[in-house]
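Below is one structure; the comments refer to it alone.
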Amino acid sequence: MKKMEPDETALLRLLRRWQDEAIKAGRVIARTTVACEAGRDGFWLARCLRAHAIEAHVIHPTSVAVSREHRRAKTDRLDTELLKRAFLGWLRGERDHCSMAAIPNT
């Protein structure tokens with residue numbers, strides 16, 4: 001989890017740095033995927049990443065199941081963990097984990 005300002009250049013630099021670190025550690029990178037929540041920044045970010053050959057998806061926030069049994073603190077970290085688990089399930093082919101929003105061209 002990384003908090004940063006909405007800066008296209010900084011984000012691409014960070015993703016490339018993480019890829020370089022993984023390669024140096026002996027990992028093989030078959031693909032790079034990024035997911036973000038639909039909202040103010042979701043769509044421009046996905047278009048930007050796709051323009052730089054990075055697989056980007058925008059998650060419908062209402063499609064992620066949230067337990068209603070217990071009251072829980074609503075924090076960015078908890079929300080990020082829920083989105084991460086939902087996205088990983090979706091990537092494994094378990095389509096009921098979440099749904100993706102269509103990314104408009106402009």
Side-chain angles (χ1 to χ4, degrees):
M1 189 163 96
K2 182 82 172 165
K3 282 195 174 201
M4 57 190 307
E5 293 298 318
D7 178 357
E8 176 181 339
T9 306
L11 175 62
L12 291 169
R13 189 172 37 247
L14 179 65
L15 290 172
R16 300 295 180 218
R17 189 185 90 209
W18 285 342
Q19 288 174 335
D20 292 343
E21 289 172 3
I23 291 168
K24 286 179 187 173
R27 305 281 190 250
V28 176
I29 299 174
R31 73 192 231 206
T32 301
T33 61
V34 176
C36 54
E37 188 176 0
R40 185 175 60 92
D41 296 327
F43 296 113
W44 78 261
L45 180 59
R47 286 191 297 269
C48 163
L49 292 170
R50 285 182 172 185
H52 289 89
I54 296 171
E55 185 180 339
H57 302 277
V58 178
I59 299 173
H60 260 294
T62 57
S63 72
V64 178
V66 176
S67 173
R68 301 285 183 212
E69 294 177 18
H70 305 288
R71 297 192 90 189
R72 66 176 182 88
K74 178 157 172 41
T75 65
D76 288 342
R77 183 170 295 277
L78 285 175
D79 291 343
T80 302
E81 288 301 317
L82 283 172
L83 289 172
K84 186 168 64 173
R85 280 196 301 269
F87 183 54
L88 289 173
W90 186 85
L91 285 172
R92 285 191 304 266
E94 302 165 12
R95 299 297 183 216
D96 57 334
H97 276 263
C98 63
S99 62
M100 299 298 165
I103 301 169
N105 291 332
T106 56

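Applying the side chain to side chain contact (heavy atoms under 4.5 Å, CB included) rule to Ala51 yields no partners; only residues at least two apart in sequence or on another chain are considered. In this structure, the side chain to side chain contact (heavy atoms under 4.5 Å, CB included) partners of Glu8, at least two apart in sequence or on a different chain, are Leu12, Trp44, Cys48, His52. Applying the side chain to side chain contact (heavy atoms under 4.5 Å, CB included) test to Thr32 and every residue at least two apart in sequence or in another chain returns Gln19, Ile29, Ile54. Annotation: side-chain hydrogen bond (donor to acceptor under 3.5 Å, both in side chains) contacts of Glu94 (sequence neighbours excluded): Arg92, His97. For Arg31, the side-chain hydrogen bond (donor to acceptor under 3.5 Å, both in side chains) partners two or more places apart in sequence, or in a different chain, are Glu55.
Trp90 and Cys98 get closest at one heavy-atom pair: CD1-O, 3.5 Å. Here the closest non-hydrogen pair linking Ala56 and Ile103 is O-CD1, 3.9 Å.
Leu83 is connected to Leu91 through a chain of hydrophobic side-chain contacts under 4.5 Å among Ile, Leu, Val, Met, Phe, Trp and Tyr, so both are in one cluster.
Between Leu45 and Val34, the closest side-chain pair of non-hydrogen atoms is not below 4.5 Å. Side-chain contact between Ile59 and Met100 is present, with at least one heavy-atom pair separated by less than 4.5 Å.
Expressed to the nearest 0.5 Å, how far OG1 of Thr9 lies from CG of Leu14 amounts to 12.5 Å. Put simply, CG on Leu49 and OG1 on Thr33 are 10.5 Å apart, with the number rounded to the nearest 0.5 Å.
Between the side chain of Arg27 and the main chain of Glu21, no donor-acceptor pair closer than 3.5 Å is present.
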